*Asks:* 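So that we are looking at the same thing, I have put the structure below in structure tokens.
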Amino acid sequence: MEKNREIRETENIPVTEPERQYYFIEKAAAHLREMSREAGRPLTFCVTTFGCQMNARDSEKLVGILEKIGYVEEENEEKADFVIYNTCTVRENANLRVYGRLGQLGRIKKKNPHMMIALCGCMMQEPEVVEKLKKSYRFVDLIFGTHNIYKFAELLATRMESDRTVIDIWKDTDRIVEDLPSERKYPFKSGVNIMFGCNNFCSYCIVPYVRGRERSRDPKAIIREIERLSADGVSEVMLLGQNVNSYGKTFNPPVTFAQLLKEIEKVEGIRRIRFMTSHPKDLSDELIEVMARSKKICRHLHLPVQSGSTRILEKMNRRYTKEGYLDLVERIRKAMPDISLTTDIIVGFPGETEADFEDTMDVVRKVRYDSAFTFIYSKRTGTPAAVMEDQVPEEVVKKRFQRLLDEVQTIAAEACAVHEGTVQEALVESVNEHDDSLVTGRLGNNLLVHFPGDESMIGSYVNVRLNECRGFYYIGERTEKEK
Ligand code: 5AD
Ligand code: SF4
């Protein structure tokens with residue numbers, strides 16, 4: 001009798017997604033109600049995100065599921081009953097930070113019997129990491145990876161029903177599950193995944209190994225999501241992918257990223273469209289044309305150069321040359337003279353000579369980036385660059401890094417000052433953290449401006465005169481004048 005019921009229960013579990021996850025959300029919710037009753041209070045969660053915008057978007061999905069289950073958000077992770085680390089592994093520092101904080105969390109868990117800890121994200125896709133966690137961090141309750149994040153509710157319900165660590169890591173996937181809950185950090189803007197994974201295998205980069213092969217989302221699903229976001233008050237979307245320029249190539253017939261943008265532009269209520277990241281090798285003239293003609297696509301391109309030396313670019317497997325990159329920048333600037341360009345640069349890639357580094361400095365001086373993220377090369381086990389000879393000595397790298405940083409910052413401040421005195425439209429994002437008589441708005445070119453205002457302005461578009469440039473942001477004032 002008992003056995004029969006068990007079988008019937010198993011049969012009732014939906015096999016299709018997302019229905020299956022909604023079933024487990026209900027199940028986890030029932031367990032949580034029980035746990036809350038025992039504790040005599042609502043139970044709380046805290047999601048901490050490491051790394052990029054992709055991870056930030058994934059975290060919003062985790063929060064959406066947790067809130068549906070009935071957990072209440074707690075900002076201080078030391079007080080939360082359920083702590084989730086959404087990890088990054090792009091550089092080694094990111095991993096070290098996770099281990100450091102996890103050790104501290106373990107000590108807190110000893111004092112709080114209700115506490116649970118989950119780890120997910122890119123770091124979990126590395127087998128050595130999971131081995132280390134199993135051996136030295138046994139207090140972790142739940143471990144999952146980047147490919148099965150949509151199964152969070154199911155894994156959590158499983159953990160709630162057993163007292164053993166639940167570990168579920170997939171090597172890769174070709175599946176994309178739509179229509180799961182998600183909770184936005186900002187009511188007026190949102191990230192939208194348009195593709196997952198990366199096929200480029202830049203020789204220093206671990207992303208293709210931990211995020212898997214490139215998969216584009218169905219354009220109809222993307223438009224549907226953006227329409228829903230717009231109906232819910234979102235006016236700015238950030239399209240997310242490791243290499244948005246190769247969007248839709250695997251469809252039959254193929255859909256280009258530029259075509260997708262044109263469709264998104266038609267969505268009523270969307271006033272700003274951003275996207276990242278663009279790989280220079282795939283940035284098409286069609287895209288430049290669509291951007292130049294658009295009133296909604298922001299005049300900002302994040303175009304990682306990584307190195308200015310053709311020799312190093314080849315070793316990095318970037319598949320463009322210094323000249324090719326500079327030519328692309330020229331074409332972009334010709335079509336959109338007011339565009340803001342930002343980049344990523346790696347210093348100290350194996351074999352980088354002084355002459356190679358000078359090439360990087362040369363590109364920085366020629367392009368004059370509005371801002372640049374600069375990184376010291378970090379060896380990632382399993383990538384081709386990790387076993388390359390001629391790793392550059394640390395002291396040499398540090399000196400080059402400082403020189404690059406100085407140059408980048410000087411140029412960025414000069415580029416920012418060019419707009420001083422102009423009137424620009426800003427989307428008000430928040431009340432200023434340090435001075436609550438000010439609000440912080442974002443300009444189309446992605447720079448921030450602080451100006452007098454109050455909370456009621458959040459989410460609205462206002463014209464602001466940029467009175468003073470302070471390096472990489474402005475102090476301004478609201479004006480009725482059109483730009
Ligand atoms: N070392 C240093 N920086 C790296 N990046 C990716 N992999 C590495 C690495 N192994 C940088 C690249 C990329 C950005 C997201 O991180 O510049 O564009
Ligand atoms: Fe890494 Fe290159 Fe893919 Fe970017 S394009 S995620 S740097 S492999």
Side-chain angles (χ1 to χ4, degrees), residues 49-58 87-97 121-123 125-126 146 172 193-216 238-247 249 257 275-283 301-309 312-320 325 328 341-352 356-357 360 363-364 367 369 371-388 391-392 394 397-398 400-401 404-405 408:
T49 312
F50 298 83
C52 68
Q53 305 234 17
M54 284 277 197
N55 263 17
R57 180 68 187 135
D58 282 348
T87 63
C88 167
T89 187
V90 78
R91 285 169 291 276
E92 189 169 11
N93 280 356
N95 292 36
L96 298 176
R97 272 178 63 209
C122 295
M123 218 175 130
Q125 293 295 138
E126 291 182 276
T146 55
D172 202 352
N193 296 110
I194 62 164
M195 58 201 300
F196 302 92
C198 181
N199 283 355
N200 289 308
F201 291 95
C202 300
S203 63
Y204 50 82
C205 187
I206 201 161
V207 168
Y209 306 90
V210 296
R211 287 262 172 191
R213 295 293 60 71
E214 214 166 87
R215 306 169 303 281
S216 295
M238 165 74 95
L239 312 177
L240 298 170
Q242 302 297 346
N243 176 11
V244 292
N245 301 105
S246 69
Y247 173 80
K249 283 192 176 157
F257 178 53
F275 54 84
M276 72 189 309
T277 290
S278 291
H279 194 305
K281 80 175 164 63
D282 296 314
L283 200 145
L301 261 178
H302 185 64
L303 199 59
V305 65
Q306 312 298 3
S307 167
S309 152
I312 294 293
L313 286 168
E314 198 179 337
K315 286 177 67 173
M316 286 178 162
N317 191 29
R318 291 289 290 177
R319 287 174 278 171
Y320 53 84
Y325 184 91
L328 175 63
L341 289 177
T342 58
T343 200
D344 293 343
I345 302 170
I346 298 175
V347 182
F349 184 84
E352 184 189 76
D356 293 318
F357 178 68
T360 299
V363 169
V364 166
V367 178
Y369 294 105
S371 85
F373 296 102
T374 49
F375 305 108
I376 286 182
Y377 167 72
S378 168
K379 199 179 194 174
R380 307 313 289 127
T381 310
T383 62
V387 290
M388 285 182 189
Q391 302 277 335
V392 186
E394 202 182 314
V397 180
K398 280 197 171 147
R400 284 183 193 159
F401 183 80
L404 176 68
L405 198 62
V408 157

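First listed ligand is number 1; within each ligand, the first listed atom is number 1. Treat the numbers as computed from the prediction; the structure is a model and nothing was measured.
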*Asks:* May I ask you to identify, for Ile376, whether its side chain, its backbone, both or neither come under 4.0 Å of ligand 1 on a heavy-atom basis?
*Replies:*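 Backbone only; the side chain of Ile376 stays clear of ligand 1.
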*Asks:* Without hydrogens or angle criteria, can the side chains of Asn317 and Ser203 be said to hold a donor-acceptor pair below 3.5 Å?
*Replies:*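 Judged by distance alone, the side chains do not pair up.
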*Asks:* Got a second to check how far Asn95's CG is from Glu126's CD, nearest 0.5 Å?
*Replies:*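 One finds 5.5 Å between CG of Asn95 and CD of Glu126.
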*Asks:* Is any side-chain heavy atom of Arg215 closer than 4.5 Å to a side-chain heavy atom of Asp172?
*Replies:*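 Yes, their side chains come closer than 4.5 Å.
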*Asks:* Looking at Phe375, does the NZ or CZ of Arg91 lie under 6.0 angstrom from its six-membered ring centre and within 45 degrees of the ring axis?
*Replies:*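 So Arg91 does make the cation-pi contact.
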*Asks:* What protein heavy atom lies closest to atom 7 (S) of ligand 2? Include the residue and the distance to one decimal.
*Replies:*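 So the nearest neighbour among protein heavy atoms is Tyr204 OH, 3.3 Å.
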*Asks:* Run the salt bridge (Lys or Arg N to Asp or Glu O under 4.0 Å) test against Arg400 and tell me which residues pass, sequence neighbours left out.
*Replies:*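 Per chain and number, Arg400 pairs via salt bridge (Lys or Arg N to Asp or Glu O under 4.0 Å) with Glu352, Glu354.
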*Asks:* Does ligand 1 have a heavy atom under 4.0 Å from the side chain of Val90, from its backbone, from both, or from neither?
*Replies:*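 It is both backbone and side chain that touch ligand 1.
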*Asks:* Of the backbone atoms (N, CA, C, O) and the side-chain heavy atoms from C-beta on, which set of Phe375 has a member under 4.0 Å from an atom of ligand 1: side chain, backbone, both, or neither?
*Replies:*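 The side chain, only.
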*Asks:* Among protein heavy atoms, which sits nearest to atom 14 (C) of ligand 1, and what does the distance come to when rounded to 0.1 Å?
*Replies:*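 I find the closest protein heavy atom is Asp344 OD2, 3.5 Å.
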*Asks:* Listing by chain and number, which protein N, O or S atoms are under 2.8 Å from atom 2 (Fe) of ligand 2?
*Replies:*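 The answer, once waters are left aside, is Cys202 SG.
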*Asks:* Should you measure from each heavy atom of Arg380, which atoms of ligand 1 turn up under 4.0 Å away?
*Replies:*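 Reading through ligand 1 atom by atom, the close ones are 10 (N).
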*Asks:* List every atom of ligand 1 that sits less than 4.0 Å from any heavy atom of Tyr377, numbering the atoms from 1 in the order shown and giving each element.
*Replies:*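 Within the 4.0 Å cut-off of Tyr377, ligand 1 contributes 1 (N), 2 (C).
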*Asks:* Of the backbone atoms (N, CA, C, O) and the side-chain heavy atoms from C-beta on, which set of Lys379 has a member under 4.0 Å from an atom of ligand 1: side chain, backbone, both, or neither?
*Replies:*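 Neither part.
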*Asks:* Are any non-hydrogen side-chain atoms of Ser278 and His302 less than 4.5 angstrom apart?
*Replies:*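 When only atoms from C-beta onward are counted, His302 and Ser278 do not touch, as no gap falls below 4.5 Å.
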*Asks:* If the cut-off is 4.0 Å to any non-hydrogen atom of Gln306, which atoms of ligand 1 fall inside it?
*Replies:*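 Near Gln306, meaning under 4.0 Å from one of its heavy atoms, ligand 1 has 12 (C), 13 (C), 17 (O), 18 (O).
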